[in-house]
A.B. asks: 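I have a structure I would like to understand better, so I am pasting it below and will then ask my questions one at a time.
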Amino acid sequence: MAGEVTAAQLETWLRRSADVLAAHAEELTALDSAIGDADHGTNMARGFAAVVAKLDAAPADESPTLQALLKSVGMTLISKVGGASGSLYGTLFLDMGKAAPAANEVDADGFASIVAAGVAGIVGRGHAELGDKTMIDALDPAVAALQDAAASGAAPAAAAAGAAEAAAAGRDATEPLVARKGRASYLGERSAGHIDPGAASSALLLQTLADTLADDGGAGA
Amino acid sequence: MAGEVTAAQLETWLRRSADVLAAHAEELTALDSAIGDADHGTNMARGFAAVVAKLDAAPADESPTLQALLKSVGMTLISKVGGASGSLYGTLFLDMGKAAPAANEVDADGFASIVAAGVAGIVGRGHAELGDKTMIDALDPAVAALQDAAASGAAPAAAAAGAAEAAAAGRDATEPLVARKGRASYLGERSAGHIDPGAASSALLLQTLADTLADDGGAGA
Amino acid sequence: MKKLINSPDTVLADALRGVAAAHPELSVDIENRLVVATEPRENRVAVISGGGTGHEPLHSGFVGPGMLDAACAGEIFTSPTPDQMLAAATRVDAGAGVLFIVKNYTGDVLNFEMAAELAADEGIETASVIVADDVAVEDSTWTAGRRGVGTTVIVEKIAGAAAAEGRTLAEVAAIAERVSKAGRSMGVALTSCTVPAVGHPSFDLPEDEMEVGVGIHGEPGRRRVPLEDARGIAHDIVTAIADDADFTGAPVIALLSGLGATPLIELYVIYADIADALSERGISVARVLVGDYITSLDMAGCSLTLVKADDEILRLWDAPVRTTALRWGL
Amino acid sequence: MKKLINSPDTVLADALRGVAAAHPELSVDIENRLVVATEPRENRVAVISGGGTGHEPLHSGFVGPGMLDAACAGEIFTSPTPDQMLAAATRVDAGAGVLFIVKNYTGDVLNFEMAAELAADEGIETASVIVADDVAVEDSTWTAGRRGVGTTVIVEKIAGAAAAEGRTLAEVAAIAERVSKAGRSMGVALTSCTVPAVGHPSFDLPEDEMEVGVGIHGEPGRRRVPLEDARGIAHDIVTAIADDADFTGAPVIALLSGLGATPLIELYVIYADIADALSERGISVARVLVGDYITSLDMAGCSLTLVKADDEILRLWDAPVRTTALRWGL
Ligand SMILES: Nc1ncnc2c1ncn2[C@@H]1O[C@H](COP(=O)(O)OP(=O)(O)O)[C@@H](O)[C@H]1O
Ligand SMILES: Nc1ncnc2c1ncn2[C@@H]1O[C@H](COP(=O)(O)OP(=O)(O)O)[C@@H](O)[C@H]1O
Ligand SMILES: [Mg+2]
Ligand SMILES: [Mg+2]
Ligand SMILES: [Mg+2]
Ligand SMILES: [Mg+2]
């Protein structure tokens, strides 16, 4: 079982993410104040609170498939977040859901493919490339780390830890960049010198995933 | 000649008043901020600047009669000051003009009557009584002082000095009063504890008159 | 002080130039500081108002067919002068006389009084209606009475409509008087205004306090209290107004005005609570305006005006109007 | 932070309740955060816009006959979501299709894109026009392009008028596109706005500085410079706009909007200088709006929009419109 990612783990991840995003909302909004419109933290906290509300409302006895869970999260984010991040994170989860099996668990390799499909969905919508100073700068290296780890036979927890590290590095790397996508791009050169808020929220999500799988993996190992 | 008030002296008075009011504009406006609408200083300075402009524009060789001078000042104040003080000070000078002779000078007694007529004009328009916390609280005692001094044979300069003192006392006496006329009356009890701006400008006008006649009286005595 | 101006001395003249440039359908007399409607009046009563500048769109924004024939602009927060009013009356009198709509401030009252005397000398018949609707001020015959505020807008609309119908001066004055008497207002300030010539706020209002019953020139109101939420403020205002006069049993015209620096979204937020408070009291609103109609330079806050109407007043309210700030049916 | 609100979380819902209470002629869907016109559409094209809240009267103030059929309101400064847009499209589509008017922000663009896909799934034909008129932003195909600001108001009016004439979706989209391309805007902030959920100003602007080219969400602009007088600011804005596109040789529609906390009198003061600057450059203004049309919460400052028009655009501009913020001929 240590080699699988389960729907229950992802649900825990989503609930913990809601707490983490709420705790970091001010910080994310402050980043968005500098080069955007001061709403990213509020947007993410609102969206994930809605995800938790929907999870709470679901019948406790039925556990959803990965596919159903991820799609439902995507729909919720799309209809509750708004802004660029709403459609992009919404697409992330929707497209993860489309790539996920109608099953309760998936192995590390399969999980990496699911995340890769979701991130590809973001790129398909937003057309951002690595270095454009967006969430892609955190997500793209995270996907690569997940895939590499899975290919070398790592367990999901270890793979997620590596992905979280890669995402954090990608987030930090956005600081000197001049934004070429999203609201920050309107600033031109003035966007340099600030971390991208979407990259920061992506790094938080991945760190929370790593923490969740580590706790669970630790317990179940 | 020490016993007469001349049109030339009044012209000097008006010019000096313009300077005095400009110098005290901020102070008068601050008084009006407390219990009114923060414009009394600006209003008076603007009005007397217009009076000076009109005096400057008059042909230098013709010296106007007291009547013509005072009426012209009244008209200028009415059309340039606005607000309560514009119509009231305008009426003061208009009615002084109506009471003044078509001559270049008048004795202390006559001058007192002229001022009394002007102040009566203010009362006729504004219906303020002594103690209502208005310019009347400065002007009414000043008229009484002028009339008393003239009756006891004082020279205009001395009479004006007494009137200025009476006006200053009247101004100070407005501080504890609750306003019953003008904009300050809207405050009810909250108008107490502040000097009335119109009483303050009246006291300045009378002090400037006293100063003008003293200088001139001193020089000519 | 941060303002879009050139100099405190030229605010009024510059603003009038701007009105002239933006609205070719109006005639702006910069010399006399008048904004005049250009439509022919053909022997009907003319309606004039005026007052200190700083309350825009009041009064110049209400000049045009169906409302004012002319507005006289005073300096900032300072009533205009009789010669301006006379110039306006001379321009717009079509032989049927002129109604002056006057907010109850000593300066305005005295200057319009003088103007009426001057107009009489020139053979122009005038009548005046004085608006004194601010419930924040305790009413008393021993003082100058109440301040005139938001009801003025509604009096101007109704008087203009009555004049457009061809009523006589006495009739127009009578209905204007009726509307004036039927109106009550109160305002709340969250911040002070800053008079350009003064350069700093007229009063200090700490970050956690508000002034209930503020005047439109920044005059202190009923009391200084801790800042409340929209629902609390709505309750305060509605209570003050509805305790002062009975607004039940007849259709009411409601006017919620920003004070100059309040965004429209906040006005709608508080209007939701005002509507609740009114309906709790059984007051039924037939017509509503929400926006900036009578302001106090850059003050943040709002004022509410209620006018108890009837079928005739509503009909005149609904009559066509074409001004820069109020327009329908034309 | 001093605002007429109940809580930062309820601003949007409360404001929509207020719109519903004040304007019974509009249908307000609080659940989907929509303001919808109630007039029958009878097989004509429907026009929808939407965006983050905080720019009022944009967009909800422009809903009504002759302009928008529906406005979708997002959270403050946050684009609305595809499901709202779909709900709006479903409500107002009369079989002739729906035009989406979208300001060029990634969030708005992506969400309207998704909505168009969802609408297609439901058999509703849509077209979109994107407004990207802010000259403060350097144009580049490598980035998200320019921000969409004041031209949106004019696109909404013209598109609404074209739809009212019974034109096809392709035709309505084409003229909306033409107007969008013909418009340029720039704004100047004297103070920052404060987002309710944030509670403090979005940026620091010292007492003696201004932000030239500010965005309507408080985004930094071209440069931070010492505060200028109205004439200087007018010159800066007109120069930036007129250097970006040629506005001579055709009638121009000019829109001078306050940013939310700027009193009308200041707008007229600077409009006088703008009019001078325009006529110096040989730009001839055929139609003008001065007031609050596209705002940024409680920001002080203004933005100017110019649209190069022609007889057809002017005719559609003059066509009757009845919304809460723009009304004539009805
Ligand atoms: N085209 C894009 N592709 C990928 N990510 C994007 C794109 N545009 C914006 N983003 C991300 O969205 C974040 C902003 O999200 P948010 O503030 O919630 O939305 P908005 O910009 O609409 O206010 C940015 O920090 C960036 O990471
Ligand atoms: N009815 C009145 N009679 C006499 N003086 C009055 C009356 N009303 C107001 N005043 C005087 O006018 C002064 C205010 O003048 P000013 O500030 O220039 O006009 P406004 O009140 O119109 O702004 C008050 O301080 C008071 O002395
Ligand atoms: Mg943002
Ligand atoms: Mg005053
Ligand atoms: Mg005054
Ligand atoms: Mg946003």
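Here is how names work: the chains are called A, B, and so on, in the same order as the sequence lines, proteins then strands, and each is numbered from 1. What you see below is based on every heavy atom in this structure, not just the backbone, and it leaves out hydrogens, waters and symmetry mates.
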A.B. asks: With the threshold set at 4.0 Å, does a side-chain nitrogen-carboxylate oxygen contact exist between C/Arg33 and C/Glu75?
C.D. replies: yes
A.B. asks: Report, by ascending residue number, the residues of residues 77-84 of chain B in heavy-atom contact with chain C at a distance under 4.5 Å; give 'none' if the set is empty.
C.D. replies: B/Ile78, B/Ser79, B/Lys80, B/Val81, B/Gly82, B/Gly83, B/Ala84
A.B. asks: Is it true that the side chains of C/His59 and C/Ser49 contain a donor and an acceptor less than 3.5 Å apart?
C.D. replies: yes
A.B. asks: Inspect the surroundings of CE in B/Met75 and state if more than 12 heavy atoms from other residues, nucleotides or ligands are less than 6.0 Å away.
C.D. replies: no
A.B. asks: Please tabulate, one pair per line, all N/O donor-acceptor pairs under 3.5 Å involving side-chain atoms of residues 17-28 of chain B, not counting sequence neighbours.
C.D. replies:
| unit_1 | atom_1 | unit_2 | atom_2 | d |
| --- | --- | --- | --- | --- |
| B/Ser17 | OG | B/Trp13 | O | 2.8 |
| B/Ser17 | OG | B/Trp13 | NE1 | 3.3 |
| B/His24 | ND1 | B/Val20 | O | 2.9 |

A.B. asks: Are a donor atom and an acceptor atom from the side chains of C/Ser303 and C/Tyr293 found within less than 3.5 Å of each other?
C.D. replies: no
A.B. asks: Under a 3.5 Å threshold, yes or no: a donor from one side chain and an acceptor from the other, between C/Ser79 and C/Asp108?
C.D. replies: no
A.B. asks: Using a cut-off of under 4.5 Å on heavy-atom pairs, state which of C/Val198, C/Ile216, C/Asp134, C/Thr78 scores highest against chain B.
C.D. replies: C/Thr78
A.B. asks: By a 4.5 Å heavy-atom criterion (distance strictly below it), what part of C/Phe203 contacts chain B: side chain, backbone, both, or neither?
C.D. replies: neither
A.B. asks: Strictly by modelled atom types, are C/Thr10 and C/Asp14 linked by a side-chain donor-acceptor pair under 3.5 Å?
C.D. replies: yes
A.B. asks: Could you tell me which portion of B/Arg125 (side chain, backbone, both or neither) has an atom closer than 4.5 angstrom to a non-hydrogen atom of chain C?
C.D. replies: both
